[in-house]
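Indexing begins at 1, ligand by ligand and atom by atom, following the structure's order. Predicted model only: the values in this text are computed from it and were never measured.
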Amino acid sequence: MSILTESLFQPGLLAGVHIKNRLAVAPMTRVSALEDGCVGPLMTEYYQSYAEGGFGLIITEGLYTDKAFSQCYYRQPGISDAEQAMSWQPIIRGVNKTGAKIIAQLMHAGGLSQFNGFKGHSAAPSAVRPLGQQMPFYYGEGLYSIPEAMTVMDIESAIEGFVEAALRAKEAGFDGVELHGANGYLLDQFLTTYTNQRNDEFGGNLENRLRIFQQLILSVRRAVGSAFILGVRFSQTKVNDTEYRWSEGAAAAEKTFRLVAECGVDYIHTTEPDMCEPAFEGSDSLAALARRYSGLPVIANGGVQQPEGAAKMLNSDQADFISLGKAALVNPDWPNRVSKTGQLREFDFAMLSPLANLQYGSEYLEGLAD
Ligand SMILES: Cc1cc2nc3c(=O)[nH]c(=O)nc-3n(C[C@H](O)[C@H](O)[C@H](O)COP(=O)(O)O)c2cc1C
């Protein structure tokens with residue numbers, strides 16, 4: 001570890017909760033839950049490896065929130081009933097025992113659903129077929145189907161689903177929840193101009209497209225109270241559209257980040273292809289904009305494998321925490337490696353092939369030399 005990367009190992013605070021360093025595991029879907037959406041021993045071992053590897057914070061993969069339209073993937077874990085929520089307790093206990101914290105990511109698929117064990121079709125802000133193809137490494141194949149446009153009642157039910165999921169997460173002992181507003185899933189579909197063609201109060205101008213975030217954050221905060229970490233994740237690009245940029249540019253960033261802070265989130269998690277790059281022409285990074293306009297702690301994510309890149313964001317006051325995705329997949333002990341030997345393995349997509357599940361992932365890791 002060099003003097004430049006020391007900042008990664010300084011303790012931090014998230015909503016008053018002590019986090020032992022600035023290193024978080026980014027949420028990563030691993031399609032490895034049991035058939036009923038509960039988690040089993042394989043997943044306990046997987047999450048434990050990050051905690052023992054030195055990460056101060058773990059954000060879980062996206063958990064579906066209800067038994068209506070939220071499920072996205074076959075073998076995705078859910079938090080749509082007490083049994084699913086409680087199945088996380090061995091993971092939570094194991095992670096907390098190492099001094100690390102764990103936040104549940106709450107996710108609603110919207111139009112990007114590739115599998116739903118409860119409903120025969122998907123639902124989204126508007127009946128627009130998602131761009132691109134379903135993801136084979138999550139058991140998908142071919143085009144996405146055309147979702148049904150949600151009624152206002154459907155929107156209210158989806159919000160209620162998140163609220164109840166957050167309450168279950170709290171009951172199960174998670175340290176907090178993160179609302180998945182990024183990467184093209186339901187909440188992001190409301191924000192995005194081409195997937196939201198509504199002409200009611202949830203569509204049209206940015207204020208209307210943000211209304212679901214406003215109602216959702218206020219409702220979840222009211223339900224869980226102040227002593228439970230509540231975050232929200234944002235991105236510009238999507239799993240099925242890597243080119244999209246917020247159509248109102250930097251003005252959208254200002255409005256969005258101010259609004260979610262006013263509604264009561266404790267942190268913002270931004271993800272970009274490269275977290276250090278300007279989010280808009282001539283602007284600061286998305287993380288820095290989130291920090292400036294919200295005044296909240298920001299977790300920055302995207303494109304960083306090496307400690308120097310991660311530390312740069314902290315040392316230049318652009319972020320408070322860094323979350324690692326692919327670098328953590330191949331180095332579940334990334335913090336310990338950096339502080340002890342400095343030797344990191346390089347990520348290779350072969351690790352997620354033919355499926356992004358834990359079986360293929362652990363076989364790949366076992367085949368590595370160190
Ligand atoms: C296998 C895999 C699964 C992912 N699943 C999720 C997810 O469930 N929720 C989410 O918000 N992002 C998800 N992501 C995106 C990551 O959190 C992260 O934003 C992305 O990998 C870029 O960061 P990186 O460059 O550090 O990998 C996933 C990424 C990968 C590689």
> Salt bridge or not for Arg75 and Glu35, using N-O below 4.0 Å?
Replying inline: yes

> Looking at Lys67 and Asp81, does any basic side-chain N land under 4.0 Å from a carboxylate oxygen?
Replying inline: yes

>> Quick check: Gly62 and ligand 1, any N/O pair under 3.5 Å apart?
In response: yes

> Among the heavy atoms of Gly302, does any lie under 4.0 Å from an atom of ligand 1?
Replying inline: yes

> Has Gly303 got any heavy atom lying under 4.0 angstrom from an atom of ligand 1?
Replying inline: yes

> Heavy-atom contacts under 4.0 Å between Gln305 and ligand 1: side chain, backbone, both, or neither?
Replying inline: neither

>> Quick check on side-chain contact (heavy atoms from CB on, under 4.5 Å): which of Ile229, Val95, Ile91, Thr60 does Phe174 satisfy it with?
In response: Thr60

> Would Asp333 and Arg345 pass as an ion pair if we require N to O under 4.0 Å?
Replying inline: no

>> If you take the nearest heavy atom of each of Pro27, Ala356, Gly325, Ser323, which one is closest to atom 16 (C) of ligand 1?
In response: Pro27

> Can an N or O of Arg30 be found at a distance shorter than 3.5 Å from an N or O of ligand 1?
Replying inline: no

>> For atom 5 (N) of ligand 1, which of the options Val25, Ile59, Thr29 provides the nearest non-hydrogen atom?
In response: Thr29

> Once the angle between the rings of Trp246 and Phe257 is folded into 0 to 90°, is it parallel (under 30°), tilted (30 to 60°) or perpendicular (over 60°)?
Replying inline: tilted

> Are Tyr46 and Glu61 close enough, and set up right, to give a side chain to side chain donor-acceptor pair (under 3.5 Å), and what steps lead you there?
Replying inline: CA-CA 12 Å; Tyr46 166 72; Glu61 58 203 282; 6.0 Å; no

> When you check the gap from the basic side-chain N to the acidic O, do Arg168 and Glu164 get nearer than 4.0 Å?
Replying inline: yes

>> Check for me whether Tyr138 has a heavy atom closer than 4.0 Å to any atom of ligand 1.
In response: yes

> Applying a 4.0 Å heavy-atom criterion (strictly less than), which segment of Arg233 is in contact with ligand 1: side chain, backbone, both, or neither?
Replying inline: side chain

